[in-house]
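The structure appears below as structure tokens.
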There are 2 protein chains.
Amino acid sequence: MTADLEITRLRESGGKGFEKVFAFLRERLLAGSLRPGDRLIPERDLAAQLGVSRPILREALRALTVLGVVEIRDRVGTIVRRPDLSVLNDFFTFAFAQQSDVIDDVMQARIAIECQAVRLAAERATVSDFEKLQLALSRIVETIDDADSGGVADFEFHRAVVMAGKSETLMVLHDSMSGILMRSHQGRRELLQVFDTMKTYLIEDHRRIFDAIVGRDPEHAERVMREHFAIGDDFRRRAAIGGSRSVSAG
Amino acid sequence: MTADLEITRLRESGGKGFEKVFAFLRERLLAGSLRPGDRLIPERDLAAQLGVSRPILREALRALTVLGVVEIRDRVGTIVRRPDLSVLNDFFTFAFAQQSDVIDDVMQARIAIECQAVRLAAERATVSDFEKLQLALSRIVETIDDADSGGVADFEFHRAVVMAGKSETLMVLHDSMSGILMRSHQGRRELLQVFDTMKTYLIEDHRRIFDAIVGRDPEHAERVMREHFAIGDDFRRRAAIGGSRSVSAG
DNA sequence: GTATGTATCTTGGTCTGACCAAGGTAAGAT
DNA sequence: ATCTTACCTTGGTCAGACCAAGATACATAC
């Protein structure tokens, strides 16, 4: 079995103990010899096989845990899991806890994701997706006068679009950015209320996106989505320039 | 000082040792009482203060390490870092490398990223970027007859495009997908050699992308990029149909 | 007074061996 | 056949120890 060879190579490889073990497990996970659902051998045995002490092995296991790759279950064992997106949210939370200057950059990624997703949505969306989009659309109309729930409705619509695209990867990425973006936009949301043309923008744009998807026109769908983001960006810009003063002045 | 109170509360909080410590540090990091550049107190002291043993503390520290939040420097100490997006690399690698049927899905994300990036590139690329793209382009021409280095050249060109887009988020995401995509495409690369029209496609398409960027035409740039991917997808499809047997055999 | 070199201290990196609590399991009782 | 129970396994944790090398202070040389 190749495992023995790998372990031998592992023992000799220079890295610090933790690095060795982490790299070893990583390799195994990536190569597929450890698949989701598998249970690792007991820590004591594994540590012995890898030539490290149990604390070190556990460091590596913990590291994999925060990545969502494995799950350490008390008195049961370490189970290989298929990482879910919740980890990403953790990460983004840490990553952007302080600095807000990355927001615009993350926004670029969100635009990328959604523009691709809306194309796919135009091709792949099912009737069920149409219904969800329709629902989200009506929610936007209903909540048009409320900043908070309006923001949520907006978010839900976009999310529905991405889901209609039927690409898990895009969904995961989108969810990851949404968290941080929502957090950052919450503060500005009231500002947006100021502009009156905004309501039309919110309702009409989303309806156009919806229509494009229903119309099975990827090209058009993306164009509309892009315009939507461009206008939104413009609004934000004006809000930023106008500053809090003019806002409070009404 | 509130720190003592927190520690007291920590001692009493029910969670398992690791969870306690991790949550404690997490809170400190997010709250900002631990800021990038700060050096944590020595492990021994910290462990004592938190009422856990060193191995447990180290588990928590390692966990934060893989999230890029802190950096453990040998014989120096644990330093709080501003997490950069490169951590995502690890995650995506794990997240998507497991099932091979996700490849096509990841490809959608790559298309999303690159189409957005090429737009930004058309707007933001500097002369230096032009040069890099030019260089990558000539590499593609040079290596057109070699599957291996040709693949690398292709990859490098696309990477240069994304870099020219000047969005770190897009760059990181792209890098993350590239890894797994390259892994999966390596096997098929020889097949692509079969089609002769492929050479023209490779050279001409990339040149058109380059021209669109230099011409500062985001719209056109994206369109060309999209066509490029569509054709590439077509090639892959034909290769898959023509040679699935020989692939699985190899 | 400055520069240099060395002894020492600090700090992470790691190991060993041990104890606990509770899930699993199989032997034993009903 | 079913239920009980004792035992074994397994993760969770701790205590104390040793090592290597960066950091530092102090003594020495210039």
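Being a predicted model, the structure only gives us computed values, none of them experimental. Order of the sequence lines fixes the chain letters, A, B, ..., with proteins taken first and strands second; residue numbering starts at 1 for each chain.
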- At under 4.0 Å, does any side-chain N or O of B/R75 touch on OP1 or OP2 of C/dT11? no

- Message: Tell me if the side-chain of A/R54 makes a donor-acceptor pair with the base of D/dG12, cut-off 3.5 Å, by modelled atom types.
- Response: yes

- Query: Taking 4.0 angstrom as the limit, do A/E59 and A/R62 come out as a salt bridge?
  - Reply: no

- Item | Chi angles and distances behind the side-chain contact (heavy atoms from CB on, under 4.5 Å) call for B/M225, B/H158 | CA-CA 10 Å; B/M225 180 67 86; B/H158 285 266; 4.1 Å; yes

- Message: Measure CG/A/L46 against P/D/dT10 and give the value in whole Å, please.
- Response: 12 Å

- Task: For the side chain of B/V76, starting at C-beta, report the closest nucleotide among D/dG22, D/dT10, C/dT11.
- Result: D/dG22

- Starting at atom CG of B/D74, determine the distance to atom P of C/dT14, rounded to an integer number of angstrom. 8 Å

- Query: Is the shortest distance from a Lys or Arg side-chain nitrogen in B/E114 or B/R110 to a carboxylate oxygen in the other one below 4.0 Å?
  - Reply: yes

- Closest to the B/P55 side chain, choosing from D/dC14, C/dT14, D/dT13: D/dC14

- Message: For the CG atom of A/D105 and the CG atom of B/L170, what is their distance to the nearest 0.5 Å?
- Response: 6.5 Å

- Note on the structure: Between CG of B/L50 and P of D/dC14 the distance, given in whole Å, is 11 Å

- Item | Exercise: do B/D146 and B/T143 side chains pair donor with acceptor under 3.5 Å | no

- To the nearest Å, give me how far apart CD1 (A/I56) and C1' (C/dT14) are. 5 Å

- Query: A/E59 CD to D/dT13 P: how many Å, rounded?
  - Reply: 14 Å

- Task: Can you figure out which of C/dG12, C/dT14, D/dG12 approaches the side chain of B/E43 most closely?
- Result: C/dG12

- Please report, rounded to the nearest Å, how far the C1' atom of D/dC18 is from the CZ atom of B/R44. 10 Å

- Query: Would you say a side-chain N or O of A/R58 is under 4.0 Å from OP1 or OP2 of D/dG12?
  - Reply: yes

- Query: Can you tell me how far P of C/dC15 sits from CZ of A/F18, to the nearest Å?
  - Reply: 13 Å

- Query: Can you tell me how far P of D/dC14 sits from CG of B/L57, to the nearest Å?
  - Reply: 10 Å

- For DNA chain C, whose closest nucleotide is more 5', that of A/R73 or that of B/R62? B/R62

